[in-house]
Protein chains: 2
Amino acid sequence: MMSEQEKQAPRRRAANTAPSGQGQFESGTRQTLADRIYEQLHHDITNLILPPGTPILEREVASDFDASRTPVREAVLRLVKEMLVEVVPKSGTFVARIPLSILPEALVARRALERDLVARAATSATAAQKLHLRAIIEDNRDAADAGKQSEFDKTDSAFHAQIAEMSGFPGLWRVIQQIKTPMDRHRHLTLPVANRMHQVVTEHSQIADAIEAGDAERAAECMDHHLSQLKSDTLDALERYPNYFIVDMDPSDLK
Amino acid sequence: MMSEQEKQAPRRRAANTAPSGQGQFESGTRQTLADRIYEQLHHDITNLILPPGTPILEREVASDFDASRTPVREAVLRLVKEMLVEVVPKSGTFVARIPLSILPEALVARRALERDLVARAATSATAAQKLHLRAIIEDNRDAADAGKQSEFDKTDSAFHAQIAEMSGFPGLWRVIQQIKTPMDRHRHLTLPVANRMHQVVTEHSQIADAIEAGDAERAAECMDHHLSQLKSDTLDALERYPNYFIVDMDPSDLK
DNA sequence: CTGGTATATCTGGTATACTAGTTACCAAGA
DNA sequence: TCTTGGTAACTAGTATACCAGATATACCAG
């Protein structure tokens, strides 16, 4: 039987215990509404469905998703950190323009990272991993043959993710993904290059050849050559879409 | 004079126009309460003031900052994306444990990126930039002489930021900063190595020597050697603080 | 002493409201 | 026709409330 004092005070319990397993880094953590909104906006921004400068009205997006502003705001804040959205306090939220400098930076970072990863892959990949890589290249080819750019992009990502896997540092694919986002956006601003998908398949095959030969240096060189092809005509894109970019460097330095 | 109908309907205005200047990427954008809370938590987590597993009670943090849950939640969500905090839905939010695999990944990424950046710096740095680098090394030395680890860490970061600046790709310092966060956290778990600060100063000087000599390859090798020293005794840290880590790889692979 | 159950107290995720800052727009005056 | 000031309609940032899920704890039967 409690005293009057005990009866009046709600019982206080200890804080919950910390997780001890793999935690949130396990696969299959549940997705929130904010996650779904983020993914949709991320996709639309990256694929130029929402071009730079487009206002993102939180209340409108909320209405579209039958949601409140809170998860929309949470999604938008993530996109801000990824430089995909820019917020002008009290004025509005807009699809971010692409800072010109970010493109060569992304290319330099990718080249440095992926040369290293592919060299490591050439040294340490297992037979099973090599076979898996070849299977992905076949997927590349199928998508190229079918002329499906979107499908092709997915298989292209699978290729580079597999290289990270084979290097022994699979987590670095997440770093590369983040780095390459401006490049993905930019690619939609450039004219499609005839037969480029098939050229990529050829370059992927050359990389796989070098890996299978255990030739780390050649694998690195092939990867570097492959990535250097991505240096699309940014000057042309800037000329055609001047409002899509922030000119934060001398454009003539892009050559 | 409006008709009755016009009078009843509130006037609808156009959406605000998109920004056209440098936008949010200019310096000096104003700081929100969420920003301040994020910075404090980021600092406390990185510096092990809040060790892995510590519960982060949104309502308590809100009370500490005399704020509501909203900006706390926004700050926490940023930390989640940076893998500094893990959320168990409806149960609690905790300072994230360090996935073991992230440490060698961070080292590999830093080595790949900073070898490349320092080689470029050796090739293209201006005289002014080289002098500035020397000045930073003197700051390194002063902090080492004074035995001030925290101050030394700041000057160490300044050194690496300056290398990115000199390479012509200053934005990559942000990428490196993000990559190195797990390393920063981990360093607080390892025993201080006698005279390590002065050793770092020496290694920084060697890097500067190579840059001044215009020797890109030597600069890259010196940087790589320097970064490889950071491979602190993770096995020892794991042994001393097993609850601070998520063991997502074979620890014997850390050698 | 232990396992099962009920319950109260936590939690994160989301909805809604409020405030202060920004800006589109309009009317008046030069 | 242009300029300017006022205002209403926007906005982002933050506060507060609610709900459903998770869990610590008390209690009881075996």
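In what follows, chains are A, B, ... by sequence order, proteins preceding strands, each numbered from 1.
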Measure from [atom1] on [X] to [atom2] on [N] and round the result to the nearest Å.
X: A:R13; N: C:dT11; atom1: CZ; atom2: P; value: 8 Å
X: B:E74; N: D:dT16; atom1: CD; atom2: P; value: 15 Å
X: B:I56; N: C:dT11; atom1: CD1; atom2: P; value: 13 Å
X: A:R12; N: D:dA26; atom1: CZ; atom2: P; value: 14 Å
X: A:N16; N: C:dG12; atom1: CG; atom2: C1'; value: 11 Å
X: A:E60; N: D:dC10; atom1: CD; atom2: P; value: 12 Å
X: A:E86; N: D:dA12; atom1: CD; atom2: P; value: 13 Å

Worksheet entry | Members of residues 33-40 of chain B that approach DNA chain D, where some heavy atom sits under 4.0 Å away | B:L33, B:A34
Fill in: A:R73, nearest nucleotide to its side chain (from C:dG12, D:dA9, D:dG13)
D:dG13
Worksheet item: Can you name the residues that form a side chain to side chain donor-acceptor pair (under 3.5 Å) with A:T70, not counting sequence neighbours?
Response: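 A:T70 satisfies side chain to side chain donor-acceptor pair (under 3.5 Å) with no residue once adjacent residues are dropped.
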Discussion item. Please compare A:R59 and A:P89 by the position of their nearest nucleotide in DNA chain C and report the one closer to 5'.
Written reply: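 The residue mapped nearer the 5' terminus is A:R59.
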Discussion item. Any salt bridge linking A:K154 with A:D139? Criterion: basic side-chain nitrogen under 4.0 Å from a carboxylate oxygen.
Written reply: no
Worksheet item: Phosphate oxygens OP1/OP2 of D:dA24: is one of them under 4.0 Å from a side-chain N or O of A:T17?
Response: yes
Fill in: Residue closer to the 5' end of DNA chain D, A:S91 versus B:V88 (nearest nucleotide)
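Going by which nucleotide is closer to the 5' end, it is A:S91.
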Worksheet item: Counting only non-hydrogen atoms, which of residues 62-70 of chain B are less than 4.0 Å from DNA chain C?
Response: B:R69
For residues 52-66 of chain A, tabulate all N or O donor-acceptor pairs below 3.5 Å that involve a side-chain atom, not counting sequence neighbours.
unit_1, atom_1, unit_2, atom_2, d
A:T54, OG1, A:P51, O, 2.7
A:E58, OE1, A:R69, NE, 2.9
A:E58, OE1, A:R69, NH2, 2.9

Fill in: Donor-acceptor pair under 3.5 Å, B:K90 side chain vs C:dG12 base
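Pair found.
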If you look only at distance, which donor and acceptor atoms sit under 3.5 Å apart when one is on a side chain in residues 74-83 of chain A and the other is two or more places apart or in another chain?
unit_1, atom_1, unit_2, atom_2, d
A:E74, OE2, B:R73, NE, 2.7
A:R78, NH1, A:D35, OD1, 3.2
A:E82, OE1, A:Y38, OH, 3.0
A:E82, OE2, A:Y38, OH, 2.8

Worksheet item: Reading DNA chain D 5' to 3', how would its secondary structure be written in dot-bracket notation, given Watson-Crick and G-U pairs with both distances under 3.5 Å, brackets [ ] for crossing pairs and | for partners on other strands?
Response: ||||||||||||||||||||||||||||||
